[in-house]
Amino acid sequence: MSFFRLPARLKGKGVDEAKVDALRARTPEPVRERVPPGQFVTEGWPVLHYGNVPRFIESTWDFRVWGQVEHPVTLDYPSFRELPVVERTMDIHCVTRWSKLGMTWEGVPMAHLLEMVRPTAEARFVIAHSEAGFTANLPIEAILDDDVLLAHKADGKQLTLDHGWPLRLVVPSRYFWKSAKWLRGLEFARADRPGFWEQNGYHNDADPWKEERHW
Ligand SMILES: Nc1nc2c(c(=O)[nH]1)N[C@H]1C(S)=C(S)[C@@H](COP(=O)(O)O)O[C@H]1N2
Ligand SMILES: [Mo]
């Protein structure tokens with residue numbers, strides 16, 4: 001995906017540190033330990049992405065898994081929606097400094113998908129592929145957590161188009177930019193390949209507890 005000029009608001013740079021500190025100081029005591037360094041809690045849910053919100057056309061939508069897997073799959077929309085779903089409650093952390101605590105997400109557990117496709121012993125990285133060529137990369141360990149979902153619902157409601165309908169990845173252990181919206185597939189790979197934000201200055205590993213923001 002080519003990249004030209006990123007809007008300043010998406011860069012997470014030029015942050016007003018004093019403002020972040022002031023917002024952070026307002027975090028209620030019982031949840032303060034759940035908020036990673038440099039983050040503050042928001043009740044709202046900002047919308048952030050590069051480019052336009054893609055249209056969802058059910059008849060041409062599919063979900064593919066390929067690369068280092070024993071059983072590659074391509075599922076059309078009705079078949080994808082037949083997969084089992086679970087609910088998980090989790091905290092999400094955006095590199096632009098907001099954290100949203102205790103969100104409930106519903107979706108297909110990554111564990112189920114891994115059982116279906118069976119990554120080979122060579123598979124060490126996962127590249128999430130979304131509409132319009134957007135990608136995000138993760139080490140395979142990051143998707144083994146029980147709360148990694150291919151989600152279609154958040155806080156009891158269908159995702160809106162803005163937030164990634166019909167399907168998005170959620171990987172709460174990493175900054176939220178790795179949680180690819182409008183997900184269309186997963187590629188299992190031997191070698192790492194930095195994704196869209198990772199090529200544009202964001203940290204490859206993105207652990208919010210280590211403040212791995214920029215690279
Ligand atoms: N397809 C796609 N997914 C994406 C992005 C994007 O640009 N394209 N941006 C990421 C970034 S930077 C963030 S912070 C979150 C924002 O998700 P939200 O809009 O639901 O809050 O989506 C992530 N997923
Ligand atoms: Mo972001």
Side-chain angles (χ1 to χ4, degrees), residues 1-15 20 35-36 38-57 61-64 88-107 110 126-138 142-143 147-187 193-208 211-215:
M1 170 180 263
S2 66
F3 166 79
F4 302 102
R5 199 171 302 146
L6 206 57
R9 71 187 163 82
L10 289 184
K11 281 188 186 160
K13 286 184 178 158
V15 170
V20 171
V35 185
Q39 298 290 114
F40 63 83
V41 173
T42 180
E43 295 298 323
W45 188 4
V47 170
L48 286 167
H49 52 260
Y50 179 75
N52 299 320
V53 174
R55 287 207 301 159
F56 169 51
I57 301 161
W61 189 95
D62 61 8
F63 182 80
R64 286 180 62 212
R88 294 283 181 270
T89 300
M90 56 188 103
D91 301 339
I92 61 174
H93 310 293
C94 177
V95 71
T96 60
R97 309 274 177 164
W98 54 268
S99 291
K100 194 165 167 55
L101 305 184
M103 285 192 91
T104 301
W105 290 82
E106 184 183 299
M110 184 63 86
V126 187
I127 319 288
H129 290 258
S130 295
E131 299 286 352
F134 177 91
T135 58
N137 60 316
L138 289 154
I143 63 159
D147 52 8
V148 174
L149 303 182
L150 305 152
H152 60 270
K153 245 186 188 183
D155 290 340
K157 295 190 206 97
Q158 267 192 3
L159 288 176
T160 58
L161 278 171
D162 278 355
H163 286 299
W165 179 261
L167 189 70
R168 81 177 293 169
L169 185 61
V170 271
V171 185
S173 68
R174 308 292 158 130
Y175 281 123
F176 205 37
W177 83 76
K178 300 261 188 196
S179 292
K181 303 197 273 193
W182 311 297
L183 187 69
R184 290 290 300 272
L186 297 173
E187 175 189 357
R193 221 165 64 228
F196 174 76
W197 291 104
E198 293 80 6
Q199 287 172 41
N200 285 291
Y202 282 8
H203 199 287
N204 201 54
D205 301 328
D207 181 343
E211 280 212 86
E212 292 172 336
R213 297 175 188 277
H214 304 287
W215 192 233

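Residues take their numbers from the sequence shown, with the count starting at 1. When a ligand or atom number is given, it counts from 1 through the structure's own listing order.
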Could an N or O of ligand 1 be found under 3.5 Å from any N or O of P46, whether backbone or side chain? yes
Within the structure, does V47 bring an N/O atom to less than 3.5 angstrom of an N/O atom in ligand 1? no
Just jot down the ligand 1 atoms closer than 4.0 angstrom to any heavy atom of C94, in number order. 14 (S)
Minimum heavy-atom distance Y175-Q39, with the two atoms named: CE2-OE1, 3.9 Å
Purely on distance, is any nitrogen or oxygen of Y50 under 3.5 Å from one on ligand 1? yes
Sub-4.0 Å atoms of ligand 1 with respect to non-hydrogen atoms of S130: 1 (N)
Step-by-step salt bridge (charged side-chain N to carboxylate O under 4.0 Å, His left out) determination, D62 to R184: CA-CA 6 Å; D62 61 8; R184 290 290 300 272; 2.8 Å; yes
I want to know if ligand 1 touches H163 in the polar sense, i.e. an N/O pair below 3.5 angstrom. yes
Which option, H49, K178, K181, owns the non-hydrogen atom nearest atom 19 (O) of ligand 1? K181
Quick one: salt bridge (Lys or Arg N to Asp or Glu O under 4.0 Å) pairs with a partner in residues 161-178, sequence neighbours left out? K178-E198
If you take the centroid of each ring, where Trp contributes its six-membered ring, are W45 and H163 closer together than 6.0 Å? yes
What part of W98 sits under 4.0 Å from ligand 1 if we count only heavy atoms: the side chain, the backbone, both or neither? side chain
Distance-minimising heavy-atom pair for W98 and T42: CB-CG2, 3.7 Å
Logged contact type for A132 with ligand 1, heavy-atom cut-off 4.0 Å, is neither
Does S179 have a heavy atom less than 4.0 Å from any atom of ligand 1? yes
May I ask you to check if ligand 1 and R168 share an N or O to N or O distance below 3.5 Å? yes
With atoms numbered from 1 as shown, which atoms in ligand 1 lie under 4.0 angstrom from a non-hydrogen atom of A180? 3 (N), 24 (N)
If you measure only the distance, is there a donor-acceptor pair under 3.5 Å linking the side chains of T135 and H129? no
Do the two ring centres, one from Y202 and one from H214, sit under 6.0 Å apart? yes
Single hit among K157, H152, Q158 for side-chain hydrogen bond (donor to acceptor under 3.5 Å, both in side chains) with E106: H152
If we set the cut-off at 4.0 Å for heavy atoms, which region of W45 has an atom near ligand 1: side chain, backbone, both, or neither? side chain
For the aromatic rings, using the six-membered ring if either is Trp, is the centroid distance between F134 and Y50 under 6.0 Å? no
Look at atom 5 (C) of ligand 1 and find which of Y175, W177, F134 reaches it with the closest heavy atom. F134
